[in-house]
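Have a look at the structure below before the remarks.
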Amino acid sequence: MHELSLADTMIREIEQILDREKAEKVYSVTVLMGRLSGVEKEPFEFAFPIVSEGTRVEGSKLIIERVSAAVKCDECQAETELDVPYAKCGSCNSRKVKFIRGREFIIKSLEIE
Amino acid sequence: MCLDCGCEEGNEKKYFEHKHDHAHPHVHTHDGHTHSHAASEEQHPNSRVINLELSVLAKNNAIADKNRDWLKSKGIVTVNIISSPGSGKTTLLEKTLEKLEGKINCSVIVGDQSTDNDAQRLMKKCKHVYQIETNSSCHINAEQVGNVLEEVTDDTTQLLFIENVGNLICPAAFDLGEDFKVAVLSTTEGEDKPVKYPVVFSDARIVVLTKVDLIPYLDWELKKCRQAIQQVNPGVYTFELSSKSGEGMQDWIEYLGKLVN
């Protein structure tokens, strides 16, 4: 359950941003979570209120936007969504593909005051 | 198309598996910076939205890059070995260190939740071994590696093995500063493990299949396992070996030799 330590890491990052922005309060935190990021939505949602307790992030809304995985085909050049876990082109079925999306784990934005 | 995320209105599943409000926030510029106001249902009149696009693991990744630069400056090749517990990482390393002795100067960082049992085993084969006890954590992070790099290597080190905590999920998310990841899988784990844990297997440059000496005793098909590996990581190079019997070890050792020369 590394989501707990990841949530903790995120809260520390946010605290630094709040200092920089001279902000007192966070209303919402929007996170992009890739299908191949190795992070799961439910345990992260479970961990967030626990680790934010006592910080300026406490009580804020966590908005998770899941990012599907996608590949680019070396043969037909098509960019298609990946049927995880099978790495192949959704257009021509070739296996010569590169991952172009899905490993993201990003703080997209903060709504602050 | 929504400019925030590229999703098609009314077809939100095209790129993202999310639902969001298409009454978009507006963006404007004043005081020399751009910001937007939320258009969410809950209005906070004095709030502002700051767009960050900042990796949650930015700090870990920055330390990992620092580790990588330091290792490169010393000419050390680093591999991060990841597998489930009991797949044979430590035995593979023991036999590997034995065969590389006198040919390649190796160092090992080994991570476990508790005890230095693995380090004790490996120290019989290699002078430079450092055990990281992670306690409640399920993975090694870049800072823990960075803290011990100088201690575990010397001016003659050519190859650094990082034996990660036995876990197929968490270590996959943490860059340590390695050149590449090696995923280890044993024949006793079931042929479809790569498909069940695609994150680590799709990100590995090398897959090592261990305990092939046990195949005659198992209801386990090599063909199915090879297929599962190729399904998640087409073209990935796979070594099939037994650390115990020595079968297939030579190719692995030759490969490691080429990495440092």
Side-chain angles (χ1 to χ4, degrees), chain A residues 1-7 9-10 12-14 16-18 20-21 23 25-41 44 61 63-70 81-82 84-88 94-97 99 101-113, chain B residues 4-7 13-20 25 35-38 40 42-60 136-139 141 165 167-174 192 194-203 228 230-236:
Chain A
M1 168 88 172
H2 62 316
E3 280 79 4
L4 197 61
S5 66
L6 291 174
T9 306
M10 186 176 83
R12 283 165 208 256
E13 288 285 347
I14 293 174
Q16 283 186 8
I17 295 160
L18 296 180
R20 202 176 64 210
E21 296 284 329
K25 186 165 176 56
V26 181
Y27 288 108
S28 68
V29 179
T30 304
V31 174
L32 295 181
M33 192 178 278
R35 179 70 177 79
L36 290 172
S37 64
V39 189
E40 279 307 311
K41 187 171 180 276
F44 194 71
K61 188 175 172 189
I63 301 162
I64 296 178
E65 296 182 0
R66 298 297 305 268
V67 182
S68 59
E81 211 169 281
L82 190 66
V84 174
Y86 305 106
K88 63 176 181 183
S94 165
R95 295 196 163 278
K96 290 183 180 161
V97 292
F99 289 91
R101 194 170 63 232
R103 297 199 191 274
E104 301 83 348
F105 182 38
I106 289 169
I107 309 170
K108 185 187 176 192
S109 62
L110 299 176
E111 188 186 356
I112 57 174
E113 187 176 312
Chain B
D4 265 357
C5 64
C7 77
K13 282 206 159 177
K14 182 155 186 188
Y15 290 115
F16 290 79
E17 297 161 13
H18 74 207
K19 288 195 171 100
H20 70 198
H35 75 228
S36 55
H37 290 286
S40 61
E42 302 153 46
Q43 291 291 338
H44 305 116
N46 298 317
S47 78
R48 59 193 166 107
V49 173
I50 51 168
N51 295 310
L52 294 158
E53 299 288 334
L54 173 74
S55 169
V56 175
L57 290 168
K59 206 159 281 166
N60 182 79
S136 61
S137 183
C138 47
H139 58 270
N141 63 41
V165 178
N167 182 331
L168 275 178
I169 302 174
C170 312
F174 289 82
D192 59 348
V195 186
K196 283 153 73 175
Y197 296 87
V199 177
V200 65
F201 284 95
S202 67
D203 197 27
Q230 293 300 320
Q231 277 174 334
V232 298
N233 192 342
V236 68

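Keep in mind that what you see is a predicted model, and the values were worked out from it rather than measured. First the proteins, then the strands, lettered A, B, ... as listed; each starts at 1.
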Nearest 0.5 angstrom please: B:Leu52 CG to A:Leu32 CG, how far?
11.0 Å
Under 3.5 Å, is there a donor-acceptor pair linking the side chains of A:Glu113 and B:His44?
no
Quick check: do A:Thr9 and B:Lys59 have side-chain heavy atoms less than 4.5 Å from each other?
no
At what distance, to the nearest 0.5 angstrom, does CZ of A:Arg95 lie from CD of B:Gln231?
5.5 Å
Which bit of B:Asp203 is near chain A, if near means a heavy-atom gap under 4.5 Å: side chain, backbone, both or neither?
both
Is the shortest heavy-atom distance from the side chain of A:Ile17 to the side chain of B:Leu54 under 4.5 Å?
yes
Could you report the tightest heavy-atom contact between A:Phe99 and B:Val232, atom names first, then the distance?
CZ-O, 4.2 Å
Nearest 0.5 Å, please: how far is CG in A:Leu110 from OG in B:Ser47?
11.5 Å
Among residues at least two apart in sequence or on other chains, which ones pass salt bridge (charged side-chain N to carboxylate O under 4.0 Å, His left out) with A:Lys25?
none
All ring-ring contact (aromatic ring centres under 6.0 Å, His included) counterparts of B:Phe174, not counting sequence neighbours:
B:His139
Can you tell me which of B:Ser202, B:Ala172, B:Ala58 forms the most heavy-atom pairs within a distance under 4.5 Å of chain A?
B:Ser202
Looking at A:Glu13 and B:Val56, what are the two nearest heavy atoms and their distance?
CG-O, 4.2 Å
Per-residue tally against chain B (heavy atom, under 4.5 Å) across A:Leu36, A:Ile14, A:Thr30 peaks at A:Leu36
Measure A:Val84 against the heavy atoms of chain B and call it side chain, backbone, both or neither at under 4.5 Å.
side chain
So which of A:Lys96, A:Arg103, A:Glu104, A:Arg12 has the biggest tally of heavy-atom pairs under 4.5 Å with chain B?
A:Arg103
On a heavy-atom basis, which atom in A:Pro85 and which in B:Pro198 lie closest, and how many Å separate them?
CB-CB, 3.4 Å
The reported gap from CD1 in A:Ile107 to CG in B:Leu57 (rounded to nearest 0.5 angstrom) is 9.5 Å
